[in-house]
There are 2 protein chains.
Amino acid sequence: MHITASKLVDALGERGYRITMARRAVCEVVAAAHDEHLSAADIYQRARETSGTRLDRSTVYRTLEALEDAGLLAHSHLGHGPSVYHLAEDAGHQHLICRNCGQTMTLPREEADLIADAIIASTGFVADLNHFAVSGLCADCAALDDI
Amino acid sequence: MHITASKLVDALGERGYRITMARRAVCEVVAAAHDEHLSAADIYQRARETSGTRLDRSTVYRTLEALEDAGLLAHSHLGHGPSVYHLAEDAGHQHLICRNCGQTMTLPREEADLIADAIIASTGFVADLNHFAVSGLCADCAALDDI
DNA sequence: ATGTGTGCAAAGCATTTGCAGCCAG
DNA sequence: CTGGCTGCAAATGCTTTGCACACAT
């Protein structure tokens with residue numbers, strides 16, 4: 001099951017954050033977008049559309065920061081573009097982004113966990129895979145071998 | 001042995017790039033900085049100091065681009081800051097950056113290769129580890145467990 | 001009432017681009 | 001001599017910040 005917008009809002013409330021229209025709007029968008037890779041700009045645009053409210057980019061950033069602080073949301077850096085946000089519960093996988101075609105895919109959680117375990121065993125470093133993507137060539141582009 | 005500035009310059013020449021003062025200056029800095037993580041701003045500053053020449057940021061970026069195009073240089077994204085550049089021959093390891101103390105360390109090449117192999121086996125994706133860092137907590141910060 | 005959250009505007013930072021002149025080939 | 005390369009300046013894209021007012025508590 002996926003977390004609902006009201007759960008996000010409630011969690012913010014419990015953390016001492018005030019519940020406002022702007023925050024509600026951002027929570028709706030974020031909750032509705034499970035699995036999608038939304039940039040701050042995407043969230044801003046959708047939040048404006050769904051809630052006719054007047055809403056500023058900076059408010060979106062501040063709300064996303066609050067959600068991250070509350071441990072409900074996380075952002076990843078997929079490539080050279082803007083950061084993308086996703087629910088914390090959707091985390092744990094590793095993003096793979098093809099430097100040739102730009103396609104992004106994911107490495108399943110179990111695989112990612114194996115890698116994280118290997119890194120811990122060898123260095124003691126507790127890796128938070130999925131914060132940064134891994135760049136490379138997808139199977140299709142690698143097959144072209146003329147990159 | 002490490003590559004020298006003149007080898008970098010020569011390689012640019014062979015690729016059809018013209019040899020200029022600006023390019024020489026950038027090559028000196030890059031060749032002298034093996035193993036260091038230099039941002040474009042660092043390179044700009046050092047290149048200005050070492051070669052009294054007048055030099056512009058944009059020229060540095062353009063030269064770095066030329067060096068990358070020639071396969072001599074690569075850049076990595078270590079964190080939220082600027083990209084860092086290093087000689088292509090120094091690549092192959094995976095950067096680990098602690099989200100708490102900001103310290104960066106490296107995962108040895110053999111470990112990184114094992115991971116890359118696991119990713120290929122499971123998805124066909126040819127990972128270029130070391131382009132993006134892995135975020136997480138270093139052993140020391142993880143031990144604090146109050147993050 | 002009080003101070004947190006808001007929109008607005010402007011700054012910030014890393015990087016890119018347009019352009020007219022310069023210099024390597 | 002000719003086009004690639006330069007410095008300069010300005011623009012870009014994403015994100016952050018300062019501020020006075022608004023509103024959730």
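Chain letters run A, B, ... following the sequence lines, proteins first and then strands; every chain starts at 1.
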Quiz item: Which nucleotide, C:dT15, C:dC23, C:dG5, lies nearest any side-chain atom of B:Arg18?
Solution: C:dC23
Practice problem: Go through D:dT16, C:dG25, D:dT25 for me and flag the one nearest to the A:Tyr61 side chain. | Solution: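 The nucleotide sitting nearest to the side chain is D:dT16.
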Quiz prompt | Under 4.0 angstrom between A:Ser83 side-chain N/O and D:dC14 OP1 or OP2 | solution = no
Quiz item: Does B:Thr20 place a side-chain N or O at less than 4.0 Å from the phosphate oxygens OP1/OP2 of D:dC5?
Solution: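 Result: no.
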Without decimals, in angstroms, what is the distance between [X] [atom1] and [N] [atom2]?
X       : N      : atom1 : atom2 : result
A:Tyr17 : D:dT25 : OH    : P     : 14 Å
B:Glu14 : C:dG25 : CD    : C1'   : 16 Å
B:Leu12 : C:dA24 : CG    : C1'   : 14 Å
A:Arg23 : D:dA24 : CZ    : C1'   : 10 Å
B:Leu64 : D:dT6  : CG    : P     : 11 Å
A:Met21 : C:dG5  : CE    : C1'   : 13 Å
B:Glu65 : D:dG4  : CD    : P     : 15 Å

Quiz item: Between B:Arg24 and B:Thr20, is any side-chain donor less than 3.5 angstrom from a side-chain acceptor?
Solution: no
Report, one pair per line, the protein and nucleotides 7-11 of chain C atoms (nitrogen or oxygen only) whose separation is under 3.5 Å.
| from | atom 1 | to | atom 2 | distance (Å) |
| --- | --- | --- | --- | --- |
| C:dG7 | OP1 | A:Arg54 | O | 2.4 |
| C:dG7 | OP1 | A:Leu55 | N | 3.4 |
| C:dG7 | OP2 | A:Asp56 | N | 3.3 |
| C:dG7 | OP2 | A:Thr59 | OG1 | 2.2 |
| C:dG7 | N7 | A:Arg62 | NH2 | 3.3 |
| C:dG7 | O6 | A:Arg62 | NH2 | 3.2 |
| C:dC8 | N4 | A:Ser58 | OG | 3.4 |

Quiz item: Are B:His131 and A:His80 near enough that their ring centres are under 6.0 Å apart?
Solution: yes
Quiz item: Quick one: are the ring centres of A:His77 and A:His95 less than 6.0 Å apart?
Solution: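 No, the ring centres sit 6.0 Å or more apart.
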Self-check item: A:Ala142 versus B:Val126, closest heavy-atom pair with distance
Solution: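 Heavy atoms of A:Ala142 and B:Val126 come nearest at CB-CG2, 3.6 Å.
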Exercise. Provide the closest heavy-atom pair for B:Ala31 versus B:Ala5 in the form atom of the first, atom of the second, distance.
Key: CB-N, 3.5 Å
Exercise. Name the residue closer to the 5' end of DNA chain C, choosing between B:Ile19 and B:Ala40 according to the nucleotide with the nearest heavy atom.
Key: B:Ala40
